[in-house]
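Following: one structure in structure tokens, then a few remarks.
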Number of protein chains: 2
Amino acid sequence: MSVRRHIHTSGIPVLCVHCEARHRGVCGALDPDNLVGLAKTCSRRQIESGVELIGDAQAVDSYSNLLSGVVKLTKSLSDGRQQIVGLQFAPHFLGRPFKVESSINAEAVTAVTLCSFPRAAVERMMKGSPEFEHRLLKQTLNELDEAREWLVTLGRKTASEKVASFLLMIARNIDSSVDPVARSASFDLPLTRAEISDFLGITNETVSRQLTQLRADGVIRIENTRHVMVDSMSRLRSMAMPSLSQKTDSLDRL
Amino acid sequence: MSVRRHIHTSGIPVLCVHCEARHRGVCGALDPDNLVGLAKTCSRRQIESGVELIGDAQAVDSYSNLLSGVVKLTKSLSDGRQQIVGLQFAPHFLGRPFKVESSINAEAVTAVTLCSFPRAAVERMMKGSPEFEHRLLKQTLNELDEAREWLVTLGRKTASEKVASFLLMIARNIDSSVDPVARSASFDLPLTRAEISDFLGITNETVSRQLTQLRADGVIRIENTRHVMVDSMSRLRSMAMPSLSQKTDSLDRL
DNA sequence: CCAAAGCCCTGATTTCGGTCAATCAGCAAC
DNA sequence: GTTGCTGATTGACCGAAATCAGGGCTTTGG
């Protein structure tokens with residue numbers, strides 16, 4: 001149908017022409033033919049904050065590109081304790097290849113736009129296009145690096161260092177001024193205090209206290225509990241206690 | 001030379017014939033031709049406990065298959081705090097593709113056998129053999145799953161749960177009786193108390209206390225500080241507080 | 001309007017695990 | 001033998017963060 005016929009830009013489906021996933025995501029690996037094939041099976045969806053993406057019927061059997069918004073991945077213990085094991089920002093490829101059942105839950109923490117594909121279509125694409133799998137490998141290696149960075153944070157940092165590290169990570173990912181060595185930054189927190197605490201392995205009370213402390217120290221200002229303005233990125237960085245190695249790391253992430 | 005000529009087993013280099021990496025590791029992805037090509041460039045090395053693998057000159061520019069022994073990956077903060085972010089058992093492919101500088105250190109924690117390749121040879125192999133990259137993707141996804149499992153442990157478990165979880169993980173990986181639902185197990189700890197504490201984000205004193213507690217409870221016995229006999233795997237499992245999801249997970253790991 | 005529910009902040013108290021310190025066993029060097 | 005070193009264990013004490021509790025603000029819905 002229309003997806004296939006509207007070919008003006010050297011054979012790229014209209015849906016994909018301005019899509020971030022084609023520029024910075026996995027779809028960049030695909031040539032126009034593959035893109036057309038995949039685009040035929042895709043469906044764009046708007047999802048509101050708080051909706052489960054994996055584990056409910058709709059998405060368990062599909063892969064998606066995250067086109068906008070933020071998704072959290074969580075794991076839970078049987079007694080209710082919860083840990084956020086990943087935060088994903090656009091454009092990110094969602095879904096766990098080669099595994100039927102995942103012990104991980106995914107939930108939209110902001111309004112989210114997805115471009116979803118049937119499981120089978122993506123797996124065919126992976127078989128057919130080495131470059132596609134190559135991108136996936138790169139993304140997975142980056143996720144692994146990030147997870148290991150958080151292992152250090154969870155295992156060896158104090159509460160205040162954890163909160164500072166968290167703010168830096170958010171700033172890196174959703175501040176409008178993308179400069180990694182900026183002097184100041186400003187962004188909306190995608191997570192509630194309780195979610196931040198589940199990310200950092202502390203309680204929401206402790207998160208609250210540490211944010212208050214940072215405000216008292218003049219490092220940040222907060223408006224409407226969600227909007228954070230970092231007045232001194234350098235002080236925030238020093239509070240996050242970055243290792244020397246971490247410093248080099250943050251520069252070539254992304 | 002000899003590697004190329006000694007072809008008796010349908011073209012497989014002698015070095016590789018009985019190699020675990022060909023059976024359960026990434027080399028299984030290679031056909032005889034590729035295997036011969038790679039084997040020409042490889043060098044087997046014995047490395048003793050305590051030796052740095054990455055960061056010193058010898059290995060920074062190479063990839064390796066871990067054929068025997070255990071390797072720890074660590075990250076450090078500038079003030080000396082350290083966190084183990086990965087433990088790798090044979091047969092595992094070591095090395096971080098697509099990145100010149102890694103902020104991670106690797107060190108042999110037991111005697112180790114490596115089969116090392118020049119960086120360029122492996123990267124050529126990755127380009128040429130999609131199946132090779134596929135295996136690498138699978139391994140990386142498994143590592144990511146494990147890292148996320150440890151995020152839960154570090155962020156949300158108590159000291160005793162951490163130690164119990166650690167023992168279970170070690171048992172899974174190096175117990176002779178590979179049965180995942182065994183009633184008992186027995187193995188040598190590859191890590192010192194201090195290293196275990198760096199793995200779990202606690203102090204070595206706490207590790208020691210938790211181990212004595214487990215001994216007092218009759219869950220384990222310890223000989224020579226390194227050899228652990230788990231008398232009741234079920235009690236150990238319940239002390240690790242596995243989530244329901246974790247249980248399904250441990251079964252299809254590997 | 002008021003009520004109820006979330007989310008956030010703050011204070012008081014408790015506790016788990018960290019810190020500091022002593023002791024001991026094993027082992028290598030002299 | 002002694003000395004010294006490293007790793008493990010145990011105890012006494014302390015402190016950072018958890019727990020418990022109260023109260024404020026906003027939103028939703030009667």
Side-chain angles (χ1 to χ4, degrees), chain A residues 48-50 72 77 79-84 107 109-110 153-167 188-217 220-228 239 241, chain B residues 48-50 72 77 79-84 107 109-110 153-167 188-217 220-228 239 241:
Chain A
E48 59 190 355
S49 171
K72 70 171 175 183
L77 299 179
D79 61 359
R81 281 175 285 176
Q82 203 170 48
Q83 177 68 43
I84 295 184
E107 181 183 327
V109 290
T110 66
T153 302
L154 292 190
R156 286 307 184 195
K157 289 189 186 174
T158 66
S160 64
E161 289 164 352
K162 285 180 179 181
V163 172
S165 303
F166 173 77
L167 292 179
D188 280 329
L189 291 173
L191 304 181
T192 68
R193 303 292 188 268
E195 286 172 324
I196 296 173
S197 73
D198 281 343
F199 192 96
L200 297 175
I202 55 183
T203 61
N204 53 8
E205 291 95 329
T206 299
V207 172
S208 197
R209 280 186 251 269
Q210 295 303 332
L211 287 175
T212 310
Q213 188 59 47
L214 284 172
R215 217 168 346 131
D217 293 347
I220 63 172
R221 280 167 296 144
I222 301 183
E223 274 174 5
N224 300 323
T225 74
R226 284 292 190 126
H227 191 73
V228 175
M239 301 193 71
M241 274 239 115
Chain B
E48 58 190 356
S49 170
K72 71 171 176 184
L77 300 178
D79 60 359
R81 282 176 285 178
Q82 200 170 51
Q83 177 69 42
I84 295 184
E107 181 183 327
V109 291
T110 67
T153 302
L154 291 190
R156 286 306 184 197
K157 289 188 185 174
T158 66
S160 65
E161 290 165 351
K162 284 180 180 181
V163 171
S165 303
F166 173 77
L167 292 179
D188 280 330
L189 291 173
L191 304 181
T192 68
R193 303 291 187 269
E195 286 171 325
I196 297 174
S197 73
D198 280 344
F199 192 96
L200 297 175
I202 55 184
T203 61
N204 53 6
E205 291 96 330
T206 299
V207 171
S208 195
R209 280 187 253 269
Q210 296 304 332
L211 286 176
T212 30
Q213 187 59 46
L214 284 172
R215 218 165 349 130
D217 293 347
I220 62 172
R221 280 168 296 143
I222 302 183
E223 275 173 5
N224 299 326
T225 74
R226 284 293 189 124
H227 191 73
V228 175
M239 300 193 72
M241 275 241 114

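Sequence lines set the chain letters: A, B, ... in the order given, protein chains first and strands last, and positions in each chain run from 1. Remember, it's a predicted structure, so these values are computed and weren't measured experimentally.
Rounded to whole angstrom, the span from the CD atom of B:E205 across to the P atom of C:dA21 amounts to 12 Å. Between the C1' atom of D:dA16 and the CZ atom of A:R156 lies a distance of 15 Å, rounded to the nearest Å. In this structure, the CD atom of A:E195 is 13 Å from the C1' atom of C:dG6, given to the nearest Å. Nucleotide D:dG23 holds its C1' atom 15 Å from the CG atom of A:N204, rounded to whole Å. The CG atom of B:D198 sits 14 Å away from the C1' atom of C:dG18 (whole-angstrom rounding). A:E223 places its CD atom 16 Å from the C1' atom of C:dC8, with the value rounded to the nearest Å. Note: CD1 (B:I222) to P (D:dG7) measures 17 Å, nearest angstrom. Distance CZ (B:R215) to P (D:dA8): 12 Å, rounded to an integer number of Å.
Among the protein residues, A:L211 comes within range of no part of the nucleic acid, since none of its heavy atoms lies under 4.0 Å from any strand.
Contact annotation: B:T192 does not reach the phosphate of D:dT6 (side-chain N/O to OP1 or OP2, under 4.0 Å). In terms of phosphate contacts, A:T225 brings no side-chain nitrogen or oxygen within less than 4.0 Å of OP1 or OP2 of D:dC25. Look at B:T206 and you'll find a side-chain N or O under 4.0 angstrom from OP1 or OP2 of C:dG18. The phosphate of D:dA18 has OP1 or OP2 within less than 4.0 Å of a side-chain N or O from A:T203. The shortest distance between the side-chain N/O atoms of B:R193 and the OP1/OP2 oxygens of D:dT9 is below 4.0 Å.
Toward the 5′ end of DNA chain D lies the nearest nucleotide of B:A194, the other residue of the pair A:Q210 and B:A194 mapping further downstream.
Atom CG of B:L191 sits about 9.5 Å away from atom CG of B:D198, to the nearest 0.5 Å.
By the 4.5 Å heavy-atom criterion applied to side chains, A:M239 and A:Q210 are not counted as neighbours. Side-chain contact between A:L154 and B:Q83: absent, with no pair of heavy atoms (C-beta onward) separated by less than 4.5 Å. Counting heavy atoms from C-beta on, the side chains of B:L189 and B:L167 come closer than 4.5 Å. When side chains are defined from C-beta on, B:T192 does not count as touching B:N204, because their heavy atoms never get closer than 4.5 Å.
The listed nucleotides are D:dT9, C:dT10, C:dG17; the one nearest the side chain of B:T212 is D:dT9.
Side-chain atoms of A:R209 come within donor-acceptor range of the base of D:dT19, with a qualifying N/O pair under 3.5 Å.
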